[in-house]
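Everything below concerns the one structure shown next.
We count ligands from 1, going down the list as the structure has it; atoms in each ligand are counted the same way. The chain is numbered in sequence order, starting from 1.
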Amino acid sequence: MSSVSMNMFHKLFNTSSDESIRLLLTPAIGVLFVFWFVLLFIEKTKKKSLNSLPPGPKGLPLVGNLLSLDPELHTYFTTLAKTYGPILTLKLGKKIGVVISSPALAREVLKDQDTIFANRDVPEAAKEAAYGGSDIVWTPYGPEWRMLRKVCVREMLGTSSLDSVYSLRRSKLRQTIKYLHSQAGSPVNIGEQMFLTVLNVITSMLWGGTIKGEDRAGLGAEFREVVTEMTGLLGTPNLSDFYPSLARYDLQRINKKMKRLVPKFDGIFETMIDQRLKMGDNGAENKDFLQFLLQLKDAGDAKMPLTMTHLKSLLMDMVVGGTDTTSNAVEFALAEMMNKPQVMKQVQQELETVVGKDNIIEESHIHKLPYLYAVMKEALRLHPTLPLLVPHCPSETCTVGGYTIPKGARVFVNVWAIHHDSTFWENPSEFSPERFLDGKWDYSGNDFKYFPFGSGRRICAGTAMAERMFMYSLASLVHSFDWRLPAGSEKLDLSEKFGIVLKKRNPLVAIPIPRLSSSTLYD
Ligand code: HEM
């Protein structure tokens with residue numbers, strides 16, 4: 001307190017006629033001053049911590065923590081969180097990275113401050129892959145993103161659109177089961193087969209066609225390689241992102257590699273678009289997604305027009321975002337079931353009761369299979385397909401957990417760490433579908449202990465499609481066949497390989513043994 005104000009108080013009390021009041025008030029005022037000082041001190045310390053970044057490992061000058069990054073980012077970040085806590089900072093060259101590893105802080109980011117964090121820090125590789133980043137995944141939160149998401153969810157990925165194209169899913173999955181039947185007794189690469197199935201479902205929804213060619217297995221492998229390489233490049237730490245002034249030199253050749261991959265799909269998109277344009281509007285009632293998009297583009301909404309670039313990047317989102325995710329998730333689930341024969345047996349028993357061995361699965365059965373549903377949820381807990389989600393990026397400097405997160409930081413929400421945290425999950429590394437049988441957990445993004453599809457505005461746009469494809473495919477695989485490992489591979493490998501999309505380190509190769517009552521059921 002200043003000496004002037006002290007004097008004023010002394011004056012006030014010295015001139016008072018009531019001595020007893022003065023005696024009573026003086027100590028009270030003293031106490032008030034002490035309080036005032038304490039409050040001032042607390043406020044100051046609070047301000048100080050608000051202005052500070054979350055803790056994190058010490059970095060080197062210029063490069064920060066870049067040199068100590070482990071390629072398995074999800075487990076590396078989980079280990080770091082054990083030392084530095086559930087919110088930590090990494091200095092990635094010129095960029096600040098923040099890792100979030102607790103449900104409470106994930107809620108702060110994805111729910112309480114959803115609007116601020118609903119943005120993306122677009123990697124250079126994504127600009128190359130998605131026509132400058134003009135797709136749903138990478139467009140910043142705002143009217144353009146809203147328009148793209150609305151078009152996509154309403155016209156392709158919503159419940160009624162999905163219902164209307166069930167026959168496509170059915171026919172593509174039947175093709176796969178028939179193919180697997182033709183391979184009975186021989187080893188099959190499950191991921192490749194699932195990839196091709198999902199790719200064919202998606203392309204038939206997009207433009208009514210499938211990826212054509214004689215050699216089914218070869219085709220699956222070829223396209224999968226392209227998508228795998230694309231998602232791999234997207235997940236690779238890139239110097240061009242961490243030192244923007246170096247971006248034009250593309251030191252790791254990431255953009256160059258991506259440039260080589262994009263035409264593989266762009267060529268197909270161009271051909272399909274060309275064909276549709278030549279056909280013109282034939283007045284058909286059931287238009288495919290591409291016809292609908294071309295019409296929307298021509299209508300040219302004055303406020304937020306859909307351009308040809310938007311159109312192509314939406315196609316890319318569906319083809320890249322929908323295929324690798326679903327097929328890897330199904331591959332992990334089948335591998336975990338094969339590793340736990342009692343789980344496989346229970347699923348097959350459930351299918352026998354609901355569907356019967358004289359019958360094939362229809363999608364309408366999937367809601368009557370609670371144990372299989374628990375298997376799917378458990379597989380997505382143990383191996384969340386996007387272990388760090390798609391990184392979020394605050395559009396303004398803000399505070400999370402009492403720490404400052406600067407505008408433009410790259411925020412990784414480590415859903416893998418939360419799904420493996422023993423505080424919330426008993427024996428977290430064990431595959432145990434039983435933990436989901438009480439129906440308590442869902443993946444709507446409201447519970448921050450379990451959110452394999454993310455949460456908030458940027459939650460996966462394809463959840464409904466993923467759920468149907470996952471359940472329908474897995475049910476068909478295990479109802480139609482028993483699965484054995486090829487001779488010589490005694491133990492199933494369940495280890496993971498990090499990428500923006502998590503994969504099995506070693507592909508699941510297994511032998512199908514038909515189990516339905518008649519071989520005509522496979523036709
Ligand atoms: C097992 C399957 C799948 C899983 C586990 C999954 C999970 C996710 C996750 C975690 C995100 C990021 C959320 C965030 O950034 O906070 C995401 C985004 C997205 N997913 Fe999926 N996904 C799957 C399948 C699909 C399918 C089949 C499609 C479409 C055909 C799709 C389309 C998208 C799109 C467009 C986004 C970007 C959303 C945006 O930024 O607004 N996903 N997905």
**OP:** Determine, for Glu496 against Arg505, whether the closest basic-nitrogen to carboxylate-oxygen distance falls under 4.0 angstrom.
**Re:**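 No, this pair does not count.
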Original post:
Any Lys/Arg nitrogen of Arg276 or Asp288 sitting under 4.0 Å from an Asp/Glu carboxylate oxygen of the other?
Top reply: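 Result for this pair is yes, salt bridge flagged.
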Original post:
Quick one: are Trp425 and Glu430 in side-chain contact, heavy atoms under 4.5 Å?
Top reply: no
Subject >> Thr307 and His310: side chain donor to acceptor below 3.5 Å >> reply: yes
**OP:** Report yes if some N/O of Trp145 lies less than 3.5 Å from some N/O of ligand 1; otherwise report no.
**Re:**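 The answer is yes, given that Trp145 and ligand 1 share an N or O pair closer than 3.5 Å.
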**OP:** Look only at interatomic distance and state if Arg120 has a nitrogen or oxygen under 3.5 Å from any nitrogen or oxygen of ligand 1.
**Re:** yes
Subject >> Stacked cation flag Arg458 on Phe117, 6.0 angstrom / 45 deg >> reply: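 Not flagged: Arg458 not positioned over aromatic ring of Phe117.
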Subject >> Region of Val390 that comes within reach of ligand 1 [heavy atoms, distance under 4.0 Å] >> reply: both
Where is the nearest protein heavy atom to [atom]: which residue, which atom, and how far?
| atom | result |
| --- | --- |
| atom 35 (C) of ligand 1 | Ala461 CB, 3.8 Å |
| atom 5 (C) of ligand 1 | Thr385 OG1, 3.2 Å |
| atom 13 (C) of ligand 1 | Arg458 O, 3.1 Å |
| atom 10 (C) of ligand 1 | Pro452 O, 3.4 Å |
| atom 42 (N) of ligand 1 | Cys460 SG, 3.0 Å |

Subject >> Heavy-atom nearest neighbour of atom 14 (C) of ligand 1 within options Glu467, Met156, Arg149, His392 >> reply: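 It is His392 that holds the nearest heavy atom.
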